[in-house]
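Notes follow the structure.
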Protein chains: 2
Amino acid sequence: MAVRDAEATKARILAASVAEFAHHGLAGARIDRIASAANANKRMIYVYFGNKDKLFDAVIDAAIGEMFEAVPFTPRDLPEYGAKLFDFLVAHPVEIRIDAWRRLERPVHTALEEEIFVQKVAALDAVRSTTQGALSSADLLVAVLAAAWSWVTVPTSLAVLATEDVALQRQQVVSSIEALCRSQG
Amino acid sequence: MAVRDAEATKARILAASVAEFAHHGLAGARIDRIASAANANKRMIYVYFGNKDKLFDAVIDAAIGEMFEAVPFTPRDLPEYGAKLFDFLVAHPVEIRIDAWRRLERPVHTALEEEIFVQKVAALDAVRSTTQGALSSADLLVAVLAAAWSWVTVPTSLAVLATEDVALQRQQVVSSIEALCRSQG
DNA sequence: ATCGGGTAAGTAACCAGTTAGTTATATCGT
DNA sequence: ACGATATAACTAACTGGTTACTTACCCGAT
């Protein structure tokens, strides 16, 4: 490791920021903590990222962008998609928290983010027979996502009563989406 | 209205706190803003509620307690329960935000909160035939709640593509839960 | 020598919580 | 009924610590 390496310093700051914002949110995050966790000088955060808000935006871009792009969309096999999305969520609790903070503290979505679902909806439309009275593909996706996210969004006071077996949770996500698909085209 | 009315002042502080915490969360909320919005002296907040954390707890108790108690649980008709829960969520966006903040900033659940779901799970157990290989009642409830919450938890970038007709959203919540019940006992 | 990467030491504003009081109202002896 | 007194309700101004952001400077490599 070079004594002076701008890219490495920037990367350390970003990694520390992801952890800090995931834990405390935008309002609760502390620039001083990020600097010391990144073994970087506070000033460099401002050189590389501008200010706290822009740093949070950089964290969002780094953490959320992959969120729905990392899981390949399989419109012909929605239960499989839900299972893979579930796997991703289980493996990425930090990204889940950052997404939750973003919804509360930065309620905006870029045109790029919209594109993620535009493509999925179009792909789903292409493979579905246009049955009368059926849900729109976007609405079906809403239901599929809700099932895949169900173990993330469940209130903790119910979670302690339900199964904690991740494999079983995954199976139930699959079953729920299968039931949805059976009642749809 | 009397010039001095402890109960009324306390109620104004609590109401202002609900709005402030719903908007900004625990870390982002400002005691000074609450005091001025409540037309109360800042000191009275400390007299009546102790400190910021305890005030947030009071807000949680006021807002969350009703959340799952306000909707009567009908174990024999889960689609109806989901629809009523959906209606409640649509009518109470402030409570939804406070719940979201609480999950992130106060990840604890009291014994009382647990009781809410203990009762529901027991009631659901009592009316279900114990079919082999079926989900536990708690796990079924997880799936039902996910469906009822689906329009709250959907990413905004998908929400803009899906229907914005609340009546239709409600119908789809009902359909999803019916599909779940059909595949279960 | 100069320029990008890095640092120590600020600064001004902010904010949760406190101090030291004032004013309204309830209680009580007469 | 009524003034004296206690107490509850309320207030303005302050404090000490924190926090986002800056200034002025140093160092190493080319």
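Just so we're on the same page: letters track the sequence lines, and every chain starts at 1. All values derive from a computational prediction rather than experimental measurement.
Listed by chain and number, the residues in a side chain to side chain donor-acceptor pair (under 3.5 Å) with B:Asn41 amount to none (sequence neighbours excluded). With sequence neighbours excluded, no residue forms a salt bridge (Lys or Arg N to Asp or Glu O under 4.0 Å) with A:Asp125.
Pairs engaging residues 89-103 of chain A under the salt bridge (charged side-chain N to carboxylate O under 4.0 Å, His left out) rule: A:Asp99-A:Arg102, A:Asp99-A:Arg103, A:Arg102-A:Glu113 [sequence neighbours left out]. Residue pairs meeting the salt bridge (charged side-chain N to carboxylate O under 4.0 Å, His left out) criterion with at least one member in residues 138-165 of chain A: none, sequence neighbours excluded. Residue pairs meeting the salt bridge (charged side-chain N to carboxylate O under 4.0 Å, His left out) criterion with at least one member in residues 24-36 of chain A, sequence neighbours excluded, are A:Glu20-A:Arg33, A:Asp32-A:Lys42. Screening residues 17-42 of chain A for ring-ring contact (aromatic ring centres under 6.0 Å, His included), with sequence neighbours left out, gives A:Phe21-A:Phe56.
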Could you list, one pair per line, each protein nitrogen or oxygen that sits under 3.5 Å from a nitrogen or oxygen of nucleotides 11-13 of chain D, together with the distance?
| unit_1 | atom_1 | unit_2 | atom_2 | d |
| --- | --- | --- | --- | --- |
| D:dT11 | OP2 | B:Asn41 | N | 3.2 |

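With no hydrogens or angles considered, a side-chain donor-acceptor pair links B:Ser137 and B:Arg128 at under 3.5 Å.
At the phosphate of C:dG6, OP1 or OP2 sits under 4.0 Å from a side-chain N or O atom of A:Thr9.
In this entry the distance linking CD1 of A:Ile45 with P of C:dG5 reads 16 Å, nearest Å. Between the P atom of C:dA26 and the CG atom of B:Asp5 lies a distance of 11 Å, rounded to the nearest Å. Between the NE2 atom of A:His24 and the C1' atom of D:dT18 there is a distance of 15 Å, given to the nearest Å.
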Listing, residues 82-90 of chain B side-chain donor-acceptor contacts under 3.5 Å, not counting sequence neighbours, or none:
| unit_1 | atom_1 | unit_2 | atom_2 | d |
| --- | --- | --- | --- | --- |
| B:Lys84 | NZ | B:Glu80 | OE2 | 2.5 |
| B:Asp87 | OD1 | B:Arg170 | NH1 | 2.9 |
| B:Asp87 | OD2 | B:Arg170 | NH1 | 2.1 |

Please list every donor-acceptor pair under 3.5 Å in which a side-chain atom of residues 149-161 of chain B meets a protein atom from a residue at least two apart or in another chain.
| unit_1 | atom_1 | unit_2 | atom_2 | d |
| --- | --- | --- | --- | --- |
| B:Ser150 | OG | B:Ala147 | O | 2.8 |
| B:Thr153 | OG1 | B:Trp149 | O | 3.3 |
| B:Thr153 | OG1 | B:Ser150 | O | 3.4 |

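Under a cut-off of 6.0 angstrom, the local environment of CZ in B:Arg76 is sparse, with at most 12 non-hydrogen atoms contributed by other residues, nucleotides or ligands.
Without hydrogens or angle criteria, A:Gln169 side chain to A:Thr163 main chain gives a donor-acceptor distance under 3.5 Å.
Residues from residues 25-37 of chain B placing a heavy atom under 4.0 Å of any atom in DNA chain C, listed by number, are B:Ala29, B:Arg30, B:Ile31. Residues from residues 54-63 of chain B that place a heavy atom under 4.0 Å from any atom of DNA chain D: there are none. Contacts between residues 46-53 of chain B and DNA chain C, defined by a heavy-atom separation below 4.0 Å, involve B:Tyr46, B:Asn51, B:Lys52, listed by number.
Taking both residues in full, the closest heavy atoms of A:Ile45 and A:Ile13 are given as CG1-CG2, 3.8 Å, listed atom of the first, atom of the second, then distance.
In this structure, B:Lys10 is positioned above the aromatic face of B:Phe49, its NZ or CZ under 6.0 Å from the six-membered ring centre and within 45° of the axis.
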